[in-house]
There are 2 protein chains.
Amino acid sequence: MSNHEPSRTRRRRGSAHPTLKDVAEAAGVSSITASRALNTPERVNEETRKRVLQAVDRVGYVPNLIAGSLASASSRFIAVIVPSLANTVFIEVIKGLQDTFESRGYQILLGNTDYDLQREQQLVRTFLGWSCSALVTAGLRHSEGCRTLLSNWDKPIMEVMELGKAQDLNVGLDHEEAGRCMARHLLERGYRSIVYVGACMDRDYRAGMRFAGHCQVLEGAGLEAPLIELDQLGSLAAGAAGLDRVREAFPSARAIHFANDDLATGALLHAQRLGLRVPVDMAIAGFNGLPLGQHVTPRLTTIQSPRETMGRLAAEEILRRLDGKRVTRRQQDVGFQLLGGQST
Amino acid sequence: MSNHEPSRTRRRRGSAHPTLKDVAEAAGVSSITASRALNTPERVNEETRKRVLQAVDRVGYVPNLIAGSLASASSRFIAVIVPSLANTVFIEVIKGLQDTFESRGYQILLGNTDYDLQREQQLVRTFLGWSCSALVTAGLRHSEGCRTLLSNWDKPIMEVMELGKAQDLNVGLDHEEAGRCMARHLLERGYRSIVYVGACMDRDYRAGMRFAGHCQVLEGAGLEAPLIELDQLGSLAAGAAGLDRVREAFPSARAIHFANDDLATGALLHAQRLGLRVPVDMAIAGFNGLPLGQHVTPRLTTIQSPRETMGRLAAEEILRRLDGKRVTRRQQDVGFQLLGGQST
DNA sequence: TAGAACTATGTTAGCGCTAACATGGTAGCG
DNA sequence: CGCTACCATGTTAGCGCTAACATAGTTCTA
């Protein structure tokens with residue numbers, strides 16, 4: 001009764017749920033009017049609109065967004081691809097994106113590459129298949145195939161985190177400069193025997209960029225720039241291990257420049273357990289400006305990166321494009337800030 | 001040439017991209033065969049399948065998943081609704097879900113309620129509109145309207161985090177019992193003057209459940225169970241403030257049971273800055289078992305909750321249902337574990 | 001007051017894909 | 001050898017919605 005008559009003999013997966021047609025019948029209008037009442041209310045008489053909205057409630061209509069997307073060839077999905085969910089940094093960027101997009105009625109499709117470019121390419125394919133309105137991806141490094149897929153795509157593409165030669169839009173910061181900045185700070189504080197501790201820099205290549213900046217400055221000062229590379233991306237435990245390895249490999253080291261705050265804080269807490277005085281016996285510096293590092297004693301010297309802001313700015317720039325406005329800035333440098341703590 | 005003839009006079013949003021029909025023509029088969037070659041390869045002759053796959057590459061076909069979902073009335077989307085992205089706890093649950101679902105070809109649709117039940121209801125509506133294959137939501141508390149929407153829905157519904165009277169499936173732990181467990185531990189260690197520090201327990205009602213358990217034990221022992229409630233959910237800074245407030249309001253307090261590890265660790269680090277000895281002058285306990293608390297000195301006494309496991313188990317149970325298997329367990333208790341540290 | 005301009009609603013034709021049914025060919029069986 | 005069974009492929013008819021065009025009524029303009 002409440003359901004459509006099956007067409008003669010052929011059965012069809014009838015989805016039981018009320019459709020726009022049911023709403024239209026209940027309101028005594030055509031389905032296109034019901035559609036307009038919901039999507040472009042200003043194009044419908046107020047009286048009619050009210051009748052339609054009542055009908056929606058009465059029949060318990062939930063719009064089929066898939067059908068709508070197919071018909072209109074656009075989905076209000078924003079694809080977001082990050083290399084990891086285990087890293088607070090990406091979570092905060094996602095948060096900035098999500099807050100901005102969700103309030104404008106866009107839905108985020110989250111993809112996690114686990115630092116695998118092939119996986120990224122596969123995700124991009126899938127997301128293109130969902131007719132996303134835009135795509136945000138962390139970083140500028142992609143596989144060949146991924147690049148091809150993206151360059152044949154006609155919607156906004158936003159690459160966040162670092163700055164460089166982007167496909168389309170780009171919001172990020174200069175990691176090499178950040179590395180230089182911290183290295184300069186350490187030199188200014190009088191340290192000469194400085195070790196960089198990275199972690200999986202083939203995957204976390206932004207840490208590699210910071211290391212490159214670090215090296216430039218140290219070499220410019222005529223100093224060695226020794227490196228210890230850990231096999232865990234960023235954790236307190238790995239940081240503790242890093243401190244041990246530095247002390248073993250470079251007994252004369254007086255300062256450690258860590259690739260991120262997790263490592264640095266882990267080392268700092270470990271130093272306390274060992275009875276090492278920070279920074280007297282060993283100076284420790286990080287990168288990211290996580291709350292964690294700002295609550296330990298001594299407070300961690302680090303570089304604050306505006307992650308949530310980065311997500312927000314990226315989202316706003318995309319929204320401008322989606323609203324048909326001309327691009328204001330294809331590339332935006334969100335900058336960073338040295339947080340001088342007591343650990344150096 | 002590469003495009004469809006527009007139908008007489010009527011123009012149509014022609015999406016430029018190659019469609020399955022183009023692939024089929026290039027491979028010299030009908031489009032349903034091309035569809036089968038991609039989706040149910042075992043139902044197509046190997047030779048034909050190869051021709052189709054070559055054609056896919058040749059024309060640069062990207063499947064339109066929206067059209068596919070509409071036709072098949074199912075989308076391989078899993079809706080996941082959490083109250084916050086700022087809280088590591090939910091991120092880890094999401095990670096467990098994502099790892100399990102992504103490997104099976106499902107895409108997560110992430111929604112963030114900001115602890116607002118109306119917002120949750122709106123998200124549920126939207127997600128139902130996307131014909132999700134299943135819905136996962138954090139917690140058992142929902143608005144009336146949300147409950148109605150869910151009960152009229154015919155796909156798996158999974159409620160995670162706490163245990164109780166669920167709509168459908170339920171994976172979580174007993175927060176009241178966790179609260180009792182920690183309270184008992186504190187009593188066993190000899191503490192008698194114990195303050196609970198919560199934060200926004202109207203929103204983080206699971207912390208309220210733990211507080212309830214805490215109260216039961218203390219009252220059972222004939223003790224008072226004073227409460228300090230903070231207005232920030234969980235941060236190191238709020239924990240530090242919490243310690244100050246306890247010392248001011250309850251100078252005789254000898255132990256603090258914090259609602260979570262962020263607060264507890266913040267208090268612990270703050271205690272060190274103040275020169276308070278933990279646990280001699282003040283014992284501190286938390287909840288969650290975050291790595292953070294396990295790397296400070298003294299190591300934090302807390303309760304380990306298996307968050308990623310919770311996500312994984314939830315996903316696996318849903319997948320069983322989606323694979324048509326009979327429900328094994330509608331409700332699963334993932335349990336928890338007291339991590340005795342040196343802070344009590 | 002004719003006709004342009006605008007408003008409110010309706011009709012038609014798909015969006016790109018797949019479920020359901022149909023068809024022809026090849027084994028398999030007693 | 002006529003039968004069923006199965007395999008590989010094709011034809012048809014939508015899934016539920018909205019863009020494009022159409023139509024009738026109303027207001028504005030010169």
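Per chain, numbering begins at 1; letters A, B, ... match sequence-line order.
- Under a cut-off of 6.0 angstrom, the local environment of CZ in B:R43 is sparse, with at most 12 non-hydrogen atoms contributed by other residues, nucleotides or ligands.
- The listed nucleotides are C:dA20, C:dG16, C:dG10; the one nearest the side chain of B:L70 is C:dG16.
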Which is it for B:R104 and B:D323 under the side-chain contact (heavy atoms from CB on, under 4.5 Å) test, yes or no, and what are the steps along the way?
CA-CA 11 Å; B:R104 287 285 306 272; B:D323 292 341; 2.9 Å; yes

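- Note on A:S35: every side-chain N or O is 4.0 Å or more away from OP1 and OP2 of D:dC17.
- Residue A:T19 places no side-chain N or O under 4.0 Å from the OP1 or OP2 atom of D:dG16.
- Proximity note for A:T48 (side chain, C-beta onward) versus C:dA8, C:dC17, C:dC15: the nearest is C:dA8.
- Ring centers of B:F77 and A:F77: under 6.0 Å apart, within the cut-off.
- Picking from D:dT9, C:dT9, D:dA19 the nucleotide with the shortest atom distance to the side chain of A:I32 gives D:dA19.
- Contact annotation: B:N64 does not reach the phosphate of C:dC15 (side-chain N/O to OP1 or OP2, under 4.0 Å).
- With the nearest nucleotide of DNA chain D identified for both B:R49 and A:S31, B:R49 has the one nearer the 5' end.
- Within the structure, every side-chain polar atom (N or O) of A:S72 is placed at least 4.0 Å from both OP1 and OP2 of D:dA19.
- Across all strands, B:S69 comes closer than 4.0 Å to no nucleic acid atom at all (heavy-atom distances).
- For the atom pair CZ of A:R76 and OG of A:S69, the computed distance is 10.0 Å after rounding to the nearest 0.5 Å.
- For the OP1/OP2 pair of D:dT18 and a distance below 4.0 Å, the side-chain nitrogens and oxygens of A:N39 include at least one atom meeting the criterion.
- Listed nucleotides: C:dG16, C:dG14, C:dA20. Nearest to the side chain of B:A67: C:dG16.
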